[in-house]
Amino acid sequence: MPGEDVRAVVFDLDGVLVDSTDVMRRAFRTAYAEVVGEGEAPFAEYNKHLGRYFPDIMRIMGLPLEMEEPFVRESYRLAGQVPMFDGVPELLAQLRDRGVVMAVATGKSGPRARSLLELLGVLPLFDYVIGSDEVAHPKPAPDIVELALQKLGVRAEDAIMVGDAVTDLESARGAGVRAVAALWGESDAAALRAAGPDLALTDPSELLRLCPPVAARA
């Protein structure tokens, strides 16, 4: 894959652009306590399914769908405590300067994702931000990546998808897009490598070598 120019980057959000694990853990525990009641909230199990839409995770785990309302409420309330990973704001600005088009394809709802990115001051750097509630079939189906490509006006072979979950890689492959594993967060690196990504990166800045300035390309 190195040496192949990338004209478009589709990013997952949580665990790739933002370090939201602590806030998600707190929101999940609150939702579990309000809806299920006593006992330890199974966040470790929830964390294994990140990348999927929240209602889908609830179905997989056999938890009440009613947990979504307090989870979303708490996620909004705590959004100001979600930081971006070191180097991500600079990466996004440099990619934008190089003429690379960018989209976010996230397991979050579209409104929640856009609200968070706006709060962080980077929403204008993205051409599109797409949530799982805005496609017929969320990840691991390819719909959300295919919609991003359609909106960006690029071919699958000219794009990459950067994600920190196996579901991201599956969604990318289904859309014919090269799959890049992001290993700089709290992802399961062994599981991601075992899934056979086209490339695995340990620092956001490594993406820059894949994306030379558009004006410099033949």
Side-chain angles (χ1 to χ4, degrees), residues 1-21 47-52 84-107 113 122 125-130 138-218:
M1 181 171 172
E4 298 179 32
D5 289 353
V6 172
R7 297 178 181 274
V9 181
V10 180
F11 291 97
D12 179 44
L13 180 56
D14 296 294
V16 176
L17 300 176
V18 299
D19 187 2
S20 53
T21 301
N47 207 36
K48 294 178 182 178
H49 302 293
L50 288 186
R52 295 178 182 269
M84 301 194 80
F85 284 106
D86 289 344
V88 165
E90 296 81 3
L91 166 69
L92 298 175
Q94 289 184 64
L95 289 175
R96 192 73 173 175
D97 288 344
R98 293 182 179 196
V100 176
V101 292
M102 295 182 288
V104 170
T106 174
V122 295
L125 295 175
F126 296 99
D127 297 277
Y128 298 98
V129 175
I130 306 167
K139 303 173 196 173
D143 300 35
I144 197 165
V145 179
E146 291 173 343
L147 180 58
L149 297 179
Q150 177 187 331
K151 286 182 172 293
L152 293 171
V154 296
R155 302 177 303 170
E157 55 265 36
D158 294 327
I160 58 174
M161 166 72 183
V162 184
D164 71 322
V166 173
T167 51
D168 296 318
L169 307 184
E170 293 173 350
S171 184
R173 286 202 194 92
V177 171
R178 289 166 283 173
V180 176
L183 305 181
W184 51 80
E186 295 186 33
S187 60
D188 186 338
L192 282 171
R193 291 185 186 278
D198 293 290
L199 200 64
L201 304 180
T202 58
D203 190 273
S205 65
E206 295 178 75
L207 276 170
L208 291 172
R209 63 188 172 90
L210 305 176
C211 306
V214 172
R217 303 174 190 181

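Not a single donor-acceptor pair under 3.5 Å links the side chain of K151 to the backbone N or O of E146. A donor-acceptor pair is defined here as one N or O able to donate and one able to accept, closer than 3.5 Å; such a pair exists between the side chain of D127 and the backbone of M102. Proximity of a side-chain donor or acceptor of R178 to a complementary backbone N or O of E157 within less than 3.5 Å is detected. One N or O on the side chain of S171 and one on the backbone of A141 form a donor-acceptor pair closer than 3.5 Å. Side chain of R98 to backbone of R7: no donor-acceptor contact under 3.5 angstrom is found. Without hydrogens or angle criteria, D168 side chain to D164 main chain gives a donor-acceptor distance under 3.5 Å. Side chain of E206 to main chain of D203: a donor-acceptor pair is present (N/O by atom type, distance under 3.5 Å, no hydrogens or angles).
Nearest heavy atoms, M161 versus V177: N-CG1, 3.4 Å. Heavy-atom minimum distance, A156 versus A175: CB-O, 3.5 Å. Nearest heavy atoms, V162 versus W184: CG1-CH2, 4.1 Å. The two residues V6 and C211 come nearest to each other via the heavy atoms CB-SG, 3.8 Å. Pairing each heavy atom of G107 with each of D12, the nearest pair is N-OD1, 4.2 Å. In terms of heavy atoms, V16 sits closest to F11 at CG1-CD2, 4.0 Å.
Side-chain contact check for L17 versus F126: some heavy-atom pair is nearer than 4.5 Å. Looking at heavy atoms from C-beta onward, L183 lies out of side-chain contact with L201 at the 4.5 angstrom threshold. In this structure, Y128 and L152 have side chains that are in contact, with non-hydrogen atoms separated by less than 4.5 Å.
Atom CG of D86 is surrounded by 12 or fewer heavy atoms from other residues, nucleotides or ligands within 6.0 Å. In the displayed structure, E186 atom CD is contacted under 6.0 Å by at most 12 heavy atoms of other residues, nucleotides or ligands.
Distance check: L210 CG to L199 CG gives 6.0 Å after rounding to the nearest 0.5 Å. How far OG of S20 is from CG of D14: 3.5 Å, rounded to the nearest 0.5 Å. Between the CD1 atom in I130 and the OG1 atom in T106 there is a gap of 10.5 Å [rounded to 0.5 Å]. Rounding to the nearest 0.5 Å places CG of L169 at 10.0 Å from NZ of K139.
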> Passes side-chain contact (heavy atoms from CB on, under 4.5 Å), I160 versus V10? Steps please.
Replying inline: CA-CA 6 Å; I160 58 174; V10 180; over 6 Å; no

>> For D188 and K48: C-alpha separation, side-chain torsions, deciding distance, then whether side-chain contact (heavy atoms from CB on, under 4.5 Å) applies.
In response: CA-CA 8 Å; D188 186 338; K48 294 178 182 178; over 6 Å; no

>> One pair to check against side-chain contact (heavy atoms from CB on, under 4.5 Å): M84 and L92. What are the steps and the verdict?
In response: CA-CA 11 Å; M84 301 194 80; L92 298 175; 4.0 Å; yes

